[in-house]
S.K.: 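Before I ask anything, here is the structure I am working with.
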Amino acid sequence: MTGDPAARMLPHLSTSLPMEPPMPDSAIPIRVKNLLACSGCQVGDTVRVQGWIRTRRDSKAGLSFLQVHDGSCFDAVQVVAPGELDNYATEVQRLTTGCSVRCTGTIVASQGKGQSVEVLADTIEPVGWVEDPDTYPVPAKRHSFEYLREMAHLRVRTNTFSAIARVRHCLAQAVHRFFHENGFYWVHTPIITGSDCEGAGEMFRVSTLDLENLPRTEEGAIDYTQDFFGRDTNLTVSGQLNVEAYCQALSKVYTFGPTFRAENSNTSRHLAEFWMIEPEIAFADLNDDADLAEEFLKSIFTALLQELPDDMGFFRDRIDKTCINRLESFVEASFERMEYTDAIAILEQAVAGGVKFEYPVSWGVDLQSEHERWLTEEHVGRPVVLMNYPRDIKAFYMRQNDDGRTVAAMDVLAPGIGEIIGGSQREERLDVLDKRIGEMGLDTADYWWYRDLRKYGTVPHAGFGLGFERTIAYATGMANVRDVIPYPRTPRSATF
RNA sequence: UCCCCUGUAGCUCAAUUGGUAGAGCGAGCGGCUGUUAACCGCUAGGUUGCUGGUUCGAGUCCAGCCGGGGGAGCCA
């Protein structure tokens with residue numbers, strides 16, 4: 001649990017916050033997670049909790065119940081406010097969903113059902129009011145995800161989005177932990193790139209030129225020599241080429257950071273700004289790459305199941321009944337390795353046997369989602385690693401196989417989602433690489449530094465890419481990647 | 001970018017082949033209660049996305065624009 005900041009106390013912060021109110025000497029500042037677990041405190045202790053009101057329920061017997069959450073865990077703590085408090089009528093009974101409060105009181109065993117312990121308050125200090133409860137955008141009721149998307153600054157106060165934030169953090173930590181513990185170095189590949197050769201999609205231009213008055217060359221083209229970098233630059237669409245260079249000195253490396261695609265894609269699986277994980281390993285072939293992908297995915301999903309049972313229980317109960325079972329099956333299964341060529345034969349047999357697909361199948365076509373789903377869900381029933389695709393449907397940097405018609409590419413397919421990882425062994429032979437660059441109509445001059453890697457101590461190497469938001473959506477059952485990133489960027493949408 | 005659906009109260013949605021715009025939730029007030037998605041009653045809350053058109057009459061039909069969603073393509 002050392003990686004979980006909510007589990008640790010930060011007394012130096014807690015005691016240096018501004019507007020510190022008088023507090024009984026014995027009051028222990030504590031976060032809700034630890035309070036509910038009686039970790040670092042026990043029944044009878046005087047504690048202080050700070051957070052936001054989820055609901056208030058009044059009892060005319062002369063007390064009120066406040067559900068106070070602070071983001072440290074899924075549950076809120078019940079703070080019992082006796083009617084004897086000085087500000088009971090003037091302030092406590094005016095608290096509404098969303099107000100922030102600072103409470104001190106005694107931890108007691110709860111008389112009610114639904115919680116084992118609660119806080120019997122000595123003081124309740126409203127810190128920030130909700131100025132108009134009638135128009136507070138996220139009252140305690142059901143909201144559609146579409147509506148909450150337009151309230152991205154407030155939606156994290158809901159059960160669902162605070163749970164997503166914790167899952168996202170947990171998985172990110174698990175990613176770094178897996179790589180760190182396996183001897184990988186995290187490489188901070190550039191966000192602004194001068195490479196125009198990544199070939200992974202439409203790019204966002206980065207420029208300080210005056211759009212109202214663009215400098216022109218004598219030929220009438222835009223004169224990028226006058227731009228900030230003295231050339232045209234873009235936001236990165238992939239760190240792969242850069243991280244390959246570091247791989248060929250550090251042996252095992254990865255990138256994990258934001259990536260940008262200016263594609264006009266309007267789907268539940270695409271974002272203009274998303275986070276991608278791209279490991280790269282040297283002295284490795286495609287089988288090593290598949291091994292890595294399998295160990296990696298099992299590691300991060302195992303961590304999620306172990307570290308956030310309450311949040312995952314919420315997703316199971318309210319979002320997707322199967323999400324926990326799916327992850328448990330995933331981490332226990334051995335991945336099936338299958339050749340693309342064999343997969344096509346299996347699919348063709350299935351069609352002959354009466355299975356209906358919308359798109360036809362034959363050797364040389366890229367598999368559609370329906371084909372991938374059928375293979376992993378119906379035919380194998382476990383995760384599948386498809387390997388060695390036709391070279392004509394894959395990128396220039398993928399290593400050509402001896403058969404002359406396939407490349408060492410792989411996709412990891414998972415039940416319930418389809419493709420979750422795409423990777424390949426990279427072409428390490430300069431002559432073969434140059435031939436491929438030429439065949440695809442690209443210019444070897446643009447790849448001068450990438451080609452250098454093949455001139456100076458080249459080595460077989462491989463890697464893969466994993467979309468972080470798709471991984472979170474898969475793990476939680478959330479249907480739209482726009483709801484698993486705090487501030488989604490999509491075509492015509494970048495409000496926050 | 002293409003196809004389909006959609007836009008009505010703070011939110012989720014009704015509104016009969018075009019005829020006075022309603023409910024639930026939320027909110028406010030009152031009642032009841034160691035409460036737990038509380039419950040009961042009352043109240044407030046709308047230029048039906050925008051612009052134009054057809055019509056005696058448009059939330060409803062037509063055109064354009066803008067927004068949202070789903071699917072496809074592209075991909076992660």
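What you see is a predicted model, and the numbers here were worked out from it, not measured in a lab.
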S.K.: Is a donor-acceptor pair below 3.5 Å formed from side chain A/Glu118 to base B/rG34, judging by atom type as modelled?
M.R.: yes
S.K.: Does this structure show an ion pair linking A/Arg391 with A/Glu439, if we count only N-O contacts that are shorter than 4.0 Å?
M.R.: yes
S.K.: Once you round it to whole Å, what is the distance between P of B/rU6 and CZ of A/Phe145?
M.R.: 23 Å
S.K.: Hey, what's the ring geometry for A/Phe464 with A/Phe296, parallel, tilted or perpendicular (30° and 60° as the breaks)?
M.R.: tilted
S.K.: Between A/Phe357 and A/Trp374, how do the two ring planes meet: parallel, tilted or perpendicular, split at 30° and 60°?
M.R.: perpendicular
S.K.: In this structure, how many angstroms lie between the P atom of B/rG10 and the CG atom of A/Leu148, rounded?
M.R.: 17 Å
S.K.: For the P atoms, the ones on B/rG57 and on B/rC66, what distance do you get once it is rounded to whole angstrom?
M.R.: 30 Å
S.K.: Determine the interatomic distance between P on B/rA14 and the same-named atom on B/rA9; round to the nearest Å.
M.R.: 12 Å
S.K.: Using the P atom as the point on both nucleotides, what is the distance between B/rG41 and B/rG49, in whole Å?
M.R.: 32 Å
S.K.: Return the orientation label for the A/Phe145 and A/Phe161 ring planes: parallel under 30°, perpendicular over 60°, tilted otherwise.
M.R.: perpendicular
S.K.: Does A/Gln78 contact B/rU35 through a side-chain donor or acceptor facing the base, at a distance under 3.5 Å?
M.R.: yes
S.K.: What is the nucleic acid contact for A/Arg54, judged by heavy atoms within less than 4.0 Å: base, sugar-phosphate only, or nothing?
M.R.: nothing
S.K.: Under 4.0 Å between any heavy atoms, over every strand shown, what does A/Gly112 touch: base, sugar-phosphate, or nothing? Just pick one.
M.R.: base
S.K.: Could you tell me whether A/Arg326 sits above the aromatic face of A/Tyr474, with NZ or CZ closer than 6.0 angstrom to the six-membered ring centre and within 45 degrees of the axis?
M.R.: yes
S.K.: Determine the Euclidean distance between corresponding P atoms of B/rA72 and B/rU36; express it in Å to zero decimal places.
M.R.: 45 Å
S.K.: Report the distance from atom CD of A/Gln111 to atom P of B/rU35, rounded to the nearest whole Å.
M.R.: 10 Å
S.K.: Check whether any side-chain nitrogen or oxygen of A/Gln67 sits under 4.0 Å from OP1 or OP2 of B/rU35, and answer yes or no.
M.R.: no
S.K.: When the nearest nucleotide of RNA chain B is assigned to A/Ser369 and to A/Glu146 on a heavy-atom basis, which residue is associated with the more 5' position?
M.R.: A/Glu146
S.K.: Taking the C1' atom in each of B/rC50 and B/rG22, what is the distance between them to the nearest angstrom?
M.R.: 25 Å
S.K.: Could you tell me how far apart A/Tyr359 (OH) and B/rG71 (C1') are, to the nearest whole angstrom?
M.R.: 10 Å
S.K.: In whole angstrom, give the distance that lies between atom CD of A/Glu150 and atom C1' of B/rG7.
M.R.: 11 Å
S.K.: Any side-chain N or O of A/Arg269 under 4.0 Å from OP1/OP2 of B/rC74?
M.R.: no
S.K.: Under the 3.5 angstrom rule, does the side chain of A/Glu91 hit a backbone N or O of A/Pro126 as a donor-acceptor pair?
M.R.: no
S.K.: Using a heavy-atom cut-off of under 4.0 Å over every strand shown, decide if A/Phe65 touches base, sugar-phosphate, or nothing.
M.R.: base
S.K.: Does the plane of the ring in A/Tyr487 sit parallel, tilted or perpendicular to the ring in A/Phe496? Use 30° and 60° as the thresholds.
M.R.: tilted
S.K.: When you get a sec, tell me which of B/rA27, B/rC75, B/rU35 is the closest nucleotide to the side chain of A/Arg261?
M.R.: B/rC75
S.K.: Within residues 309-323 of chain A, which residues have any heavy atom lying less than 4.0 Å from an atom of RNA chain B?
M.R.: none
S.K.: Is the distance from OP1 or OP2 of B/rC11 to the nearest side-chain N or O of A/Arg155 less than 4.0 Å?
M.R.: no
S.K.: Backbone N or O of A/Val167 within a donor-acceptor pair of the A/Asp311 side chain at under 3.5 Å?
M.R.: no
S.K.: From the options B/rU36, B/rU12, B/rG28, select the nucleotide whose nearest atom is closest to the side chain of A/Thr96.
M.R.: B/rG28
S.K.: Taking only side-chain nitrogens and oxygens of A/Ser110, does any of them come within less than 4.0 Å of OP1 or OP2 of B/rG34?
M.R.: no
S.K.: Say we look at B/rU12 and B/rU8: how far apart would their P atoms be, to the nearest angstrom?
M.R.: 8 Å
S.K.: Indicate yes or no: does A/Asp483 engage A/Arg155 in a salt bridge with an N to O separation below 4.0 Å.
M.R.: yes
S.K.: Classify the side chain of A/Gln115 and the base of B/rU35 as holding, or not holding, a donor-acceptor pair under 3.5 Å.
M.R.: yes
S.K.: Taking only side-chain nitrogens and oxygens of A/Asn266, does any of them come within less than 4.0 Å of OP1 or OP2 of B/rC74?
M.R.: no
S.K.: State which of B/rG69, B/rG73, B/rA27 makes the closest approach to the side chain of A/Arg149.
M.R.: B/rG69
S.K.: Centre-to-centre under 6.0 Å for A/Tyr254 and A/Tyr185, is that the case here?
M.R.: no
S.K.: B/rG28 P sits how many Å from A/Leu95 CG, rounded?
M.R.: 12 Å
S.K.: Please determine whether a side-chain nitrogen of the Lys or Arg among A/Arg269 and A/Glu469 lies less than 4.0 Å from a carboxylate oxygen of the Asp or Glu.
M.R.: no
S.K.: Taking the C1' atom in each of B/rA58 and B/rC62, what is the distance between them to the nearest angstrom?
M.R.: 11 Å
S.K.: Considering only B/rG34, B/rA27, B/rU36, which nucleotide approaches the side chain of A/Pro133 most closely?
M.R.: B/rA27
S.K.: Grab the CD-C1' distance between A/Glu84 and B/rG34 for me, whole Å please.
M.R.: 14 Å
S.K.: Using only heavy-atom distances, decide whether a donor-acceptor pair under 3.5 angstrom links the side-chain of A/Asp58 to the base of B/rU33.
M.R.: no
S.K.: Mind checking A/Ile421 for me? I need base, sugar-phosphate or nothing, with any heavy atom below 4.0 Å counting as a touch.
M.R.: nothing
S.K.: If we take the C1' atom in both B/rA44 and B/rG26, what is their distance in whole Å?
M.R.: 13 Å
S.K.: Report the distance from atom CG of A/Asn264 to atom P of B/rC3, rounded to the nearest whole Å.
M.R.: 13 Å
S.K.: As a check on the pairing definition, encode RNA chain B in dot-bracket form, counting Watson-Crick and G-U wobble pairs whose two distances are under 3.5 Å, and using | for partners outside this strand.
M.R.: (((((((..((((.....[..)))).(((((.......))))).....(((((..]....))))))))))))....
S.K.: Within the modelled atom types, does a donor on one side and an acceptor on the other bring the side chain of A/Ser265 and the base of B/rC74 under 3.5 Å apart?
M.R.: yes
S.K.: When you get a sec, tell me which of B/rU12, B/rU35, B/rG69 is the closest nucleotide to the side chain of A/Asn480?
M.R.: B/rG69
S.K.: Less than 4.0 Å between a side-chain N and a carboxylate O, is that true for A/Asp122 and A/Arg48?
M.R.: no
S.K.: Examine A/Tyr450 together with A/Tyr397 and report whether their ring centres are nearer than 6.0 Å.
M.R.: no
S.K.: Picking from B/rG26, B/rU12, B/rG73, which would you name as closest to the side chain of A/Thr267?
M.R.: B/rG73
S.K.: On the side chain of A/His270, is there an atom forming a donor-acceptor pair with the base of B/rC75 - under 3.5 Å, no angle test?
M.R.: yes
